[in-house]
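Contents: one structure, followed by commentary.
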Amino acid sequence: NAGVTQTPKFRVLKTGQSMTLLCAQDMNHEYMYWYRQDPGMGLRLIHYSVGEGTTAKGEVPDGYNVSRLKKQNFLLGLESAAPSQTSVYFCASSYSMGSPNQPQHFGDGTRLSIL
Amino acid sequence: AQSVTQPDIHITVSEGASLELRCNYSYGATPYLFWYVQSPGQGLQLLLKYFSGDTLVQGIKGFEAEFKRSQSSFNLRKPSVHWSDAAEYFCAVGARNTGFQKLVFGTGTRLLVSP
């Protein structure tokens, strides 16, 4: 019963490097979300997806790209990492057909440091 | 757009004492309301949620919350705190749209439990 799995759990990058964070869910959820968590700011929505092949911008999308090629996966990309993107990143998913009013399920997070 | 305020950044409670964490929201209609808990190094775990109906909501781990429309509040309570309750607590509000939850999180309240 894995739920939401994020890969990797930790990563250190140099400024300008690129990387992709992977989120996988096994609950057949339609909606998936990427958040970043910074001290004193709670969680802020970066991008989200309401279904396979669709993505949309959240509150803080600049510097990030996402893709949802498969229903169970939601990828978050940093094309050119900046120190301001040092954060903890959380993926979440929600909504199964027939069970609309269900809360978001969160992964354990990816701790990303940009030097 | 919705917003959430958690006025207390830190709260210290003695083990066995009662707890109340405050949450105030702003939203034009009846919102979805959630409380999540985050233990160090972990993802967010849902404690309880309010969608409709009874305004006193019971959650896991002995927590409850009361939705008060007149005060735009959704405070979290527990009658007797255990040392294992030490964590960060997030209140979140979601706009009503079947299945999809564009949540806005508060900045969190860190609970410390003293012996």
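This is a predicted model, so every value here is computed, not measured. A, B, ... follow the sequence lines: proteins, then strands. Residue 1 opens every chain.
Interface residue B/L44: backbone and side-chain heavy atoms are both found under 4.5 Å from chain A. At a 4.5 Å heavy-atom cutoff, the contact between B/Q38 and chain A is made by side-chain atoms alone.
Note on A/Y33: it does not cluster hydrophobically with A/L69, by side-chain heavy-atom contacts below 4.5 Å among ILVMFWY residues. In terms of hydrophobic clustering, with Ile, Leu, Val, Met, Phe, Trp and Tyr side chains grouped at heavy-atom distances under 4.5 Å, A/L75 and A/L21 are assigned to different clusters.
The side-chain heavy atoms of A/L45 and B/F105, taken from C-beta on, include no pair separated by under 4.5 Å.
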Legend entry - Intermediate values then yes/no, side-chain contact (heavy atoms from CB on, under 4.5 Å), A/Q104 and B/Y36: CA-CA 10 Å; A/Q104 293 182 21; B/Y36 284 88; 3.7 Å; yes

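Closest of all the heavy-atom pairs between B/F34 and A/P103 is CE2-CB, 3.8 Å. In plain terms, the two heavy atoms of B/T107 and A/G40 that are nearest each other are CG2-O, 3.4 Å.
Within residues 72-81 of chain B, no residue approaches chain A closer than 4.5 Å by heavy atoms. Along residues 10-18 of chain A, no residue comes nearer than 4.5 angstrom to chain B, judged on non-hydrogen atoms.
A/Y35 contributes atom OH, which lies 4.5 Å from atom CG of B/L103 (distance to the nearest 0.5 angstrom).
Contact count versus chain B (heavy atoms, under 4.5 Å) is highest, among A/K9, A/Q37, A/Q6, for A/Q37.
The local environment of CD1 in B/I9 is sparse, with at most 12 non-hydrogen atoms from other residues, nucleotides or ligands closer than 6.0 Å. Counting heavy-atom neighbours within 6.0 Å of B/E15 CD, excluding the residue itself, gives a total above 12. The neighbour count for A/R111 CZ, taken as heavy atoms of other residues, nucleotides or ligands under 6.0 Å away, does not exceed 12.
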